[in-house]
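Step one of this worksheet: look at the structure below.
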Amino acid sequence: MSERSGNVRRAVVIGGGVSGLATALRLLDGATQRGLDLRVDVLEAAPDFGGNLRTLAHDGWRLEWGPNGFLDNEPATLRLVERLGLSGELVRSSDAARRRFLVVGGRLREIPASPPAFLRTDLFTPRAKLRVLGELLVPRRRDLGRAAEDPATDESVWEFGRRRLGRDFAELMLDPMVKGIFGGDARRLSLAAAFPRMVELERDHGSLFRALAAISRKRRKAADAGPSGTLHSFREGMAALPAALARSLGADPRATLVTSRGVASLRRDGDGWRVGADDGGSIACDAVVHAAPAHAAAAHLRGLDPALAGQLDGIPYVPMAVIALGYARDDVAHDLDGFGMLIPTCEHSRLLGALWTSSIFPGRAPQGRVLLHCMAGGPLDPRVLDDGDGALRDRAVAELRGLLGLRGEPVMVQVFRHARAIAQYEPGHLALLRRIDARLADLPGLHLSGSSYRGVSVNACLKESESMAAAVLDRLAASGPRTEGGAA
Ligand SMILES: Cc1cc2nc3c(=O)[nH]c(=O)nc-3n(C[C@H](O)[C@H](O)[C@H](O)COP(=O)(O)OP(=O)(O)OC[C@H]3O[C@@H](n4cnc5c(N)ncnc54)[C@H](O)[C@@H]3O)c2cc1C
């Protein structure tokens with residue numbers, strides 16, 4: 001096919017993580033529905049597709065490099081799983097995984113999972129419990145929902161927790177929750193950007209407790225309340241998702257998928273775009289979906305729009321190390337009957353937490369063995385990757401030894417190093433996105449997608465892939481045939 005011919009439109013997707021692959025698939029599905037003649041190229045810098053979704057299987061172990069699972073409450077994810085024929089491959093987390101633990105005072109403590117358990121627990125003093133119950137009386141903030149227009153109103157997760165539920169709850173519950181999801185620091189994360197639902201609940205109900213009561217009344221009334229958010233993965237691990245996406249796209253003659261070909265530059269080309277690859281070649285196209293992290297987009301846009309590049313550089317990422325430890329079952333005294341443990345900042349631990357992976361999903365460890373995924377790093381330990389694999393392993397083993405009753409040495413160790421693991425939506429993130437969108441308005445045909453912007457979870461990325469594909473197709477359908485640019 002010539003680069004640009006007749007009514008054929010061409011889109012280039014930069015980055016073959018789940019965001020890029022799912023957007024490419026949804027672009028082609030949508031083009032079929034709309035009768036649009038579209039070609040899609042996906043350029044991935046790494047040797048494999050999948051980005052953070054990589055599963056390593058060896059000797060009966062199944063190790064996740066990045067995410068371990070996703071909740072089954074995002075319709076876009078369920079639609080994609082169905083579309084790819086992967087429904088039969090889904091595995092649900094075990095019931096035991098509903099039990100979650102904190103490390104407090106150097107001991108493992110179960111997180112109360114119900115109101116009676118909360119009243120019984122001695123994790124909180126009676127005074128702290130009263131303060132939590134007093135949430136019902138805390139007045140609603142008047143400036144909720146204005147974080148994009150007025151960053152001064154953008155509360156951190158920590159500030160929100162302290163205001164509504166008290167300092168102890170923020171310290172023991174919200175701080176470790178943020179570590180578990182973002183590897184982040186609750187004091188430096190925007191509530192509105194990271195947990196927009198919390199803002200909606202306060203705005204719509206005036207109190208989180210009233211909101212929870214209203215939601216559970218609604219669920220009880222609804223004949224089919226739908227899935228409520230149980231962790232799932234795939235039998236073969238999370239890499240099954242990008243593998244199926246790449247298979248499906250690879251079978252479509254309208255798609256061209258290339259690995260080990262990174263994008264090095266982006267420039268305007270007539271009224272379209274020219275995407276320059278790191279091998280010196282280039283592709284002319286009508287639309288670009290930049291689905292690599294914001295720092296990569298910044299590098300590509302520095303020559304074209306330095307202000308936009310500077311804004312994209314303003315979305316920080318934190319480094320993380322994932323230390324997978326395999327033990328003989330008999331060498332772990334704890335029953336590991338749960339999801340895992342998170343460690344609040346006030347414990348001054350050098351771990352963020354640990355998942356008891358083999359208790360969550362079947363088939364993650366060989367018979368008679370258990371698998372733990374320990375996380376270290378984040379904004380409070382930005383030099384975590386200065387340590388070698390041996391030091392990271394020793395650190396994880398030392399922290400867990402007393403907590404879980406580890407005996408002897410691990411029988412399997414694997415360390416995964418993430419130099420830029422997860423985007424941190426700092427206070428001001430939504431206002432930053434608004435400024436980025438304003439500059440993109442002057443760069444028609446360029447779209448920014450992926451976990452740097454509107455949600456870091458796999459679910460958020462897949463939800464965005466649908467809306468992103470629709471926006472790109474709307475624009476392609478509305479714009480006339482493009483003027484020609486120069487040859488590659
Ligand atoms: C340790 C860890 C644990 C996590 N746990 C969970 C979890 O349990 N549940 C959950 O929902 N989420 C989790 N996440 C978050 C989730 O994995 C990511 O947010 C999601 O995978 C992001 O997908 P993406 O496609 O947007 O980005 P990425 O996965 O980062 O993909 C971007 C792709 O772009 C490519 N690229 C970069 N530069 C270029 C270039 N110049 N040219 C071409 N290609 C380029 C990269 O190689 C990469 O393949 C976790 C993340 C980490 C790091």
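Remember, it's 1-based here, ligands and their atoms both numbered in the order they're listed. For the numbers below, each heavy atom of this structure counts, side chains included, while hydrogens, waters and symmetry mates do not.
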Tell me whether the count of non-hydrogen atoms from other residues, nucleotides or ligands lying under 6.0 Å of CZ in Arg109 goes above 12. yes
Return the residue, atom name and 0.1 Å-rounded distance of the protein heavy atom closest to [atom].
atom                    : value
atom 15 (C) of ligand 1 : Val456 O, 3.3 Å
atom 49 (O) of ligand 1 : Glu44 OE1, 2.7 Å
atom 31 (O) of ligand 1 : Gly17 CA, 3.5 Å
atom 37 (C) of ligand 1 : Ala292 CB, 3.6 Å
atom 29 (O) of ligand 1 : Asn52 N, 2.9 Å
atom 13 (C) of ligand 1 : Pro67 CB, 3.4 Å
atom 40 (C) of ligand 1 : Val263 N, 3.7 Å
atom 34 (O) of ligand 1 : Gly15 CA, 3.4 Å

Quick check: [X] and ligand 1, any N/O pair under 3.5 Å apart?
X      : answer
Val18  : yes
Gly262 : no
Met320 : no

Just heavy atoms, cut-off under 4.0 Å: does [X] contact ligand 1 by side chain, backbone, both, or neither?
X      : result
His300 : side chain
Leu43  : backbone
Ser19  : both
Ala291 : backbone

Would you call [X] and [Y] a side-chain contact if the rule is heavy atoms closer than 4.5 Å?
X      : Y      : result
Arg83  : Asp29  : yes
Leu392 : Val384 : yes
Arg369 : Pro410 : no
Arg364 : Ser233 : yes

Let's go through Asp72 and Arg92 carefully: what are the C-alpha distance in whole Å and the side-chain angles of both, what is the deciding distance for salt bridge (Lys or Arg N to Asp or Glu O under 4.0 Å) to 0.1 Å, and is it a yes or a no? CA-CA 9 Å; Asp72 67 345; Arg92 185 179 196 277; 5.9 Å; no
[X] heavy atoms, cut-off 4.0 Å: which ligand 1 atoms fall inside?
X      : answer
His418 : 1 (C), 53 (C)
Val458 : 10 (C), 11 (O), 12 (N)
Gly69  : 7 (C), 8 (O), 9 (N), 10 (C), 11 (O)
Ser451 : 19 (O), 22 (C), 26 (O)
Gly66  : 1 (C), 2 (C), 3 (C), 4 (C)
Gly51  : 29 (O), 31 (O), 48 (C), 49 (O)
Leu53  : 21 (O)
Val322 : 1 (C)

Minimum-distance pair of heavy atoms, taken over all atoms of [X] and [Y]:
X      : Y      : value
Thr23  : Ala469 : O-CB, 4.1 Å
Val263 : His300 : O-NE2, 2.8 Å
Gly450 : Glu464 : N-OE1, 2.9 Å
Phe361 : Asn68  : CE1-O, 3.3 Å

Return yes if some donor-acceptor pair links the side-chain N/O of Ser349 with the main-chain N/O of Ile343 below 3.5 Å, else return no. no
Asp286 side chain vs Ala11 backbone, donor-acceptor pair below 3.5 Å: no
Fit a plane to each ring of Tyr317 and His295, take the angle between them on a 0 to 90° scale, and name the class: parallel (under 30°), tilted (30 to 60°) or perpendicular (over 60°). perpendicular
Going by the angle between their ring planes, with limits at 30° and 60°, are Phe195 and Phe182 parallel, tilted or perpendicular? perpendicular
